[in-house]
Structure formats: C-alpha cells, structure tokens
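Notes follow once the structure below has been shown.
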Amino acid sequence: MRLNENRIDAICTAIVDRLAEDEMIDLTISEEDLADVLSVAFQKDLYIEEEIQRDAVEWIRLNRKHMQESTDEWEIELEKQRDLLAIRRGYVLP
C-alpha cells in the first residue's frame, strides 16, 4: 500500500503527539516542526524505495527480455536487482 503525503503527515503527527503525551521526548522545537521533519524523512525514504523498484524493473526489461513479469523467475530477479541497486546507493531495504 502506497502512502500519500497527507497520510504520512498524519502518521508523523500521531507519533510525535504520542511521544510528547507519554513524555518520552524533550523537544527544543515545536511538535509540529518535529512532525514535519519526520514526514520529509519518511517521504524521502519512500521515494528512494520507489526509485530502486523502477530501476530494477527497467533493468530486467532491458537485460532479461525473455522473462515474463509476475512469474517466480521475474520476482527472484527483481529482488536480486533491487538488492544490488540498494547496495550501490548505500540504502538498506526494509
């Protein structure tokens, strides 16, 4: 499920609200500003994952033309390419 910007904002606000309510954090910035920082970080992270996914699919389509999408063979190669691209970019996939 892809999260849109509004949903990410709402999740980040809820996280910050809960942390502040339970006195688990001591803020030097406003709760709203912290939620904004978290939201930007989450959105950037999701963008990187989407970019890696697109690049992996493109690579397979160019270099493994014999593979049919959605087959086990395709999915295995997709995972492999995603992992390789993530390593090259210094990104850790979830």
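Using a cut-off of 4.0 Å between Lys/Arg side-chain N and Asp/Glu carboxylate O, Asp55 and Arg89 are scored as salt-bridged. Taking a cutoff of 4.0 Å between a charged side-chain nitrogen and a carboxylate oxygen, Glu73 and Arg64 do not qualify as a salt bridge. The residues Arg82 and Glu79 are annotated as salt-bridged, a charged nitrogen and a carboxylate oxygen being separated by less than 4.0 angstrom.
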*Take Glu58 and Arg61 through the side chain to side chain contact (heavy atoms under 4.5 Å, CB included) test and state the conclusion after the steps.*
CA-CA 5 Å; Glu58 182 179 326; Arg61 286 179 179 158; 5.7 Å; no
*Please walk me through it: do Leu46 and Ile8 pass side chain to side chain contact (heavy atoms under 4.5 Å, CB included)?*
CA-CA 10 Å; Leu46 287 173; Ile8 292 170; 3.5 Å; yes
_Using the rule given for side chain to side chain contact (heavy atoms under 4.5 Å, CB included), can you reason through Leu34 versus Ile25, listing the C-alpha separation, both sets of side-chain angles and the distance that settles it, and then say yes or no?_
CA-CA 11 Å; Leu34 179 57; Ile25 54 175; 3.9 Å; yes
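Gln53 places a side-chain heavy atom less than 4.5 Å from the side chain of Leu78. In this structure, Asp9 and Asp36 have side chains that are not in contact, with every pair of non-hydrogen atoms separated by 4.5 Å or more.
Under a hydrophobic-cluster definition in which Ile, Leu, Val, Met, Phe, Trp and Tyr are linked whenever side-chain heavy atoms come within less than 4.5 Å, directly or via other members, Leu3 and Leu38 are assigned to the same cluster. Cluster annotation: Phe42 is not connected to Tyr91 through the hydrophobic network of ILVMFWY side chains, with a link wherever side-chain heavy atoms come within less than 4.5 Å. One hydrophobic cluster holds both Ile15 and Ile29 under the rule that ILVMFWY side chains link at heavy-atom gaps under 4.5 Å. By the rule that hydrophobic residues join a cluster once side-chain heavy atoms approach within less than 4.5 Å of another member, Val16 and Leu19 end up as members of one cluster.
The two residues Glu31 and Ala20 come nearest to each other via the heavy atoms OE2-CB, 3.3 Å. When all heavy atoms are compared, the tightest approach of Leu85 to Ala56 is CD1-N, 3.4 Å. Taking all atoms of both residues into account, the shortest heavy-atom contact from Trp74 to Gln68 is CB-O, 3.2 Å. Scanning all heavy atoms of the two residues, the minimum distance from Leu93 to Ile52 falls at CD2-CD1, 4.4 Å.
A cation-pi arrangement, defined by a distance under 6.0 Å to the six-membered ring centre and an angle within 45 degrees of its axis, is present between Arg54 and Tyr47.
Between the CZ atom of Arg88 and the CG atom of Asp83 there is a distance of 11.0 Å, given to the nearest 0.5 Å. Here the CD-CG distance, from Glu77 to Asp72, works out to 13.0 Å after rounding to the nearest 0.5 Å. Taking CD of Glu75 as the start and CE of Met67 as the end, the distance is 11.0 Å to the nearest 0.5 Å.
If you check the side chains of Gln43 and Ser39, you find a donor sitting under 3.5 Å from an acceptor.
Counting non-hydrogen atoms of neighbouring residues, nucleotides and ligands closer than 6.0 angstrom, the CD atom of Glu51 exceeds 12 such neighbours.
A side-chain donor-acceptor contact under 3.5 Å links Asn4 to the backbone of Asn6. Using modelled atom types, no side-chain atom of Asp45 and backbone atom of Ala41 make a donor-acceptor pair closer than 3.5 Å.
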